[in-house]
There are 2 protein chains.
Amino acid sequence: MINSPFNCHFELTLELIGGKWKGLILWHLHDKKVLRNGEMLRLMPRITQKMLTQQLREMEENGLIRRVVYEQVPPKVEYSLTPHGEAIRPILEMMIDWGVEYARDKNILIACTQQKG
Amino acid sequence: MINSPFNCHFELTLELIGGKWKGLILWHLHDKKVLRNGEMLRLMPRITQKMLTQQLREMEENGLIRRVVYEQVPPKVEYSLTPHGEAIRPILEMMIDWGVEYARDKNILIACTQQKG
DNA sequence: CGGCATCCTCATAGATACTG
DNA sequence: CAGTATCTATGAGGATGCCG
């Protein structure tokens, strides 16, 4: 068993999906199944290359996503979800639903680029 | 309508419940219904007074919790959930469920102080 | 009892430039 | 195309002490 700094399983989950862009990245991967680096940059215009790479590396290390490198020129790298990543989906959906309801109640406008499927 | 810095409703929700201690605080409030400052400090030995106050103020401002001050000496302040705060519960439960499953698979040990009710 | 004020440190994330 | 590398500003969060 590996000891952890977490007080509860909620914090563990939060640590894994709570990164600034992880929810949005996971959401797009749920939607498109397979995505390349450049496609993600286009889907999320406000993310930087550095942040995208960083968040992808963390999620890969945590076993949420899969990174497949094709040894060719020009390079080609594909990202997709692992089973653990797939299992996150209902949580994302509930968080979005709650956010929609909350935003409606508080009159907050969100610049949505994605929709629930 | 108020414009927001969020790319999606997921980020809105994350902003409101993603603080370092907010999940745990909300969880205890779900469990006990009403809690005082000192009780929360005892329930979460690793939180500091500063962080507790800060997280409570943010959630109060966001309409997730209610703060009731009794004008008496010594002071008495009670915290409880608003309807928006109550509506968070299923999300917390799913995040805990996912975390439990993930921790089992990855052999991660969590120093749990709370259980699912 | 339930805070607030202050100081301090380190991690996060943005901007920018470069590479196989 | 898919990344690194470096620098920097900001602020989250810890420690400590004081207050009505």
Side-chain angles (χ1 to χ4, degrees), chain A residues 4-8 10-12 14-26 28-29 32 34-62 65-80 111, chain B residues 4-8 10-12 14-26 28-29 32 34-62 65-80 111:
Chain A
S4 74
F6 303 115
N7 298 300
C8 61
F10 171 81
E11 288 181 26
L12 170 65
L14 188 60
E15 176 79 11
L16 298 184
I17 69 170
K20 178 150 190 206
W21 296 92
K22 289 182 181 173
L24 199 48
I25 294 170
L26 289 171
H28 284 302
L29 281 172
K32 310 285 188 182
V34 177
L35 281 172
R36 300 178 61 178
N37 183 80
E39 293 176 311
M40 291 199 241
L41 289 177
R42 259 166 272 130
L43 285 168
M44 297 170 279
R46 301 207 271 194
I47 199 174
T48 61
Q49 173 67 66
K50 176 191 159 186
M51 284 310 295
L52 178 59
T53 302
Q54 184 180 309
Q55 306 278 294
L56 288 171
R57 290 291 182 283
E58 287 178 19
M59 290 197 287
E60 185 193 3
E61 192 165 347
N62 294 328
I65 65 174
R66 202 177 295 116
R67 180 172 180 266
V68 179
V69 182
Y70 295 85
E71 295 294 350
Q72 61 181 55
V73 181
K76 178 178 171 182
V77 179
E78 285 184 345
Y79 295 93
S80 57
Chain B
S4 74
F6 303 114
N7 298 299
C8 61
F10 171 81
E11 289 181 24
L12 170 66
L14 188 60
E15 177 76 12
L16 298 186
I17 69 170
K20 176 150 192 205
W21 296 92
K22 289 182 182 174
L24 199 48
I25 293 170
L26 289 171
H28 284 301
L29 282 173
K32 310 283 188 184
V34 176
L35 281 172
R36 299 178 60 180
N37 183 81
E39 292 176 314
M40 290 198 244
L41 288 176
R42 259 167 271 129
L43 284 168
M44 298 169 278
R46 301 206 272 193
I47 200 173
T48 61
Q49 174 68 64
K50 176 191 162 185
M51 285 310 294
L52 178 58
T53 302
Q54 183 180 310
Q55 307 278 293
L56 287 172
R57 289 294 181 283
E58 287 178 18
M59 290 196 287
E60 185 193 3
E61 192 166 347
N62 294 327
I65 65 174
R66 202 179 295 118
R67 180 171 181 265
V68 178
V69 182
Y70 295 86
E71 295 295 347
Q72 62 181 55
V73 180
K76 177 178 172 183
V77 179
E78 286 185 344
Y79 296 93
S80 57

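Predicted model, so just to flag it, every value in this text is computed and none were measured. Order of the sequence lines fixes the chain letters, A, B, ..., with proteins taken first and strands second; residue numbering starts at 1 for each chain.
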Give the nucleotide from the list dC1(C), dG3(D), dG13(D) with an atom nearest to the side chain of Thr53(A). dG3(D)
Phosphate OP1/OP2 of [N] contacted by [X] side-chain N/O (<4.0 Å):
X	N	answer
Arg46(A)	dA15(C)	no
Arg36(A)	dC1(D)	no
Arg57(B)	dC4(C)	yes

Nearest whole angstrom, please: distance from the [atom2] of [N] to the [atom1] of [X].
X	N	atom1	atom2	answer
Glu71(B)	dG20(D)	CD	P	16 Å
Leu41(B)	dC4(C)	CG	P	13 Å
Asn37(B)	dC19(D)	CG	C1'	15 Å
Gln54(A)	dA13(C)	CD	P	7 Å
Ile47(A)	dG14(C)	CD1	P	9 Å
Gln55(A)	dA13(C)	CD	C1'	10 Å
Arg67(B)	dC1(C)	CZ	C1'	12 Å

Without swapping roles, check the side chain of Glu60(A) against the backbone of Ile65(A) for a donor-acceptor pair under 3.5 Å. no
Heavy-atom nearest nucleotide on DNA chain D taken for Thr48(B) and for Pro75(A); more 5' hit belongs to Pro75(A)
Can you name the nearest heavy-atom pair linking Met44(A) to Leu52(A), along with the distance? CE-CD1, 4.4 Å
Base dG3(D) paired with Lys50(A) side chain (donor-acceptor, <3.5 Å): no
Scan Tyr79(A) against the nucleic acid and name what it touches under 4.0 Å (heavy atoms): base, sugar-phosphate only, or nothing. sugar-phosphate
